[in-house]
Amino acid sequence: MSTTTANPSATVTPAATPQPRLRRLTRVAGALYLAIFVIYPLATLARTSLVVPGDAALTADGIRAHETLFRWGLAGEAVVVLIEIALAAVLYTLLRPVSRSVSLAGALARVAEAVVMAAGCLVTSVLTLVAVGDSGALGAFDPAERDALALYFQEANDGIVLVWGFFFALSLLFTGWLVVRSGFLPRVPGYLLALAGAGYLVQSFGTFLAPGLAGTWELVVLVVAIPGELVFALWLLVKGVDQEAWRAAAARARRAQV
């Protein structure tokens, strides 16, 4: 008698997740994703609008004249780094019932993307501000050399974007697979996410291997990557997950662990 009464509670109670909490979690995920869609392009535009390719003097003069705008771009990219880490945790929680290991891998890949973005892209912007400044150790260099350093750091930033693109692509491939297999989310957004991941891989590898076609690789991302992410974000925000199917998947996952 004791074993027959214990089993239902062991399988049902742990899997029971309050509906408001699950719905809130999906809305948070969708809101974070959409925040990245809004903040990242604006932050990148604020920074890159001051960069004149091939002209170090104009680039440095533009950053000095509009330093506040440049700093706002730097702050926006820093916010994106923080959002990416938070989103990794939320998506891991939502998709963990499908596969704990794959969900963890996807979260780690997204965190790695954020770390590379912070350690590379943000650092190059900070170093750019140091280069265009009049104080500090670089005061020993003449103005033309400091201007060249500022442009060099911004050009390095463009390459680092492609590096964190590898990790971002991997996270999208994992997330797409999890969505397709989930049963509590429609498969179409999952396929679109996987296609988006492939698009970012094509852009990063393509630009490294054939830099002359960089414009083509960017077009690939615009066509195949961004729509998939946007559909997924809007679905999470508006529709959410099938809560009964999610709880059933969570219950199966717990039984499998036991």
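Just so you know, residue 1 is the first one in the sequence shown, and it goes up from there.
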When you compare the side chain of E84 with that of I36, does any pair of heavy atoms fall below 4.5 Å? yes
Is any side-chain heavy atom of Q203 less than 4.5 Å from a side-chain heavy atom of T207? yes
Is it true that L172 and I83 fall in one hydrophobic cluster, defined by side-chain heavy atoms closer than 4.5 Å? yes
Using atom types as modelled and distance alone, determine if a side-chain donor or acceptor of E145 lies under 3.5 Å from a backbone N or O of D142. yes
Looking at side-chain heavy atoms only, is the closest gap between L193 and W177 below 4.5 Å? no
Does W164 form a side chain to side chain contact (heavy atoms under 4.5 Å, CB included) with C121? I'd like the steps, not just the answer. CA-CA 9 Å; W164 63 252; C121 298; 3.4 Å; yes
Which atom names give the shortest non-hydrogen contact between A114 and I85, and what distance separates them? CB-CG1, 3.8 Å
Non-hydrogen side-chain atoms of L127 and L149 separated by less than 4.5 Å: no
With side chains defined as the heavy atoms from C-beta onward, is the minimum distance between L95 and R181 less than 4.5 Å? no
Side chain to side chain contact (heavy atoms under 4.5 Å, CB included), that's the test. Do W246 and L185 meet it? Break it down for me. CA-CA 9 Å; W246 188 93; L185 284 166; over 6 Å; no
Tell me whether the NZ or CZ atom of R146 lies within the 45° cone about the ring axis of Y152 and under 6.0 Å from its centre. no
Is the F166-F205 ring centre distance short of 6.0 angstrom? yes
Any L74 side-chain heavy atom under 4.5 Å of R47 side chain: no
I'd like to know if D242 and R247 make a salt bridge, using a cut-off of under 4.0 Å between side-chain N and carboxylate O. no
S103 side chain vs Y92 backbone, donor-acceptor pair below 3.5 Å: yes
With side chains defined as the heavy atoms from C-beta onward, is the minimum distance between W235 and T26 less than 4.5 Å? no
Decide yes or no for N157 and S125: does some side-chain heavy atom of the first lie under 4.5 Å from some side-chain heavy atom of the second? yes
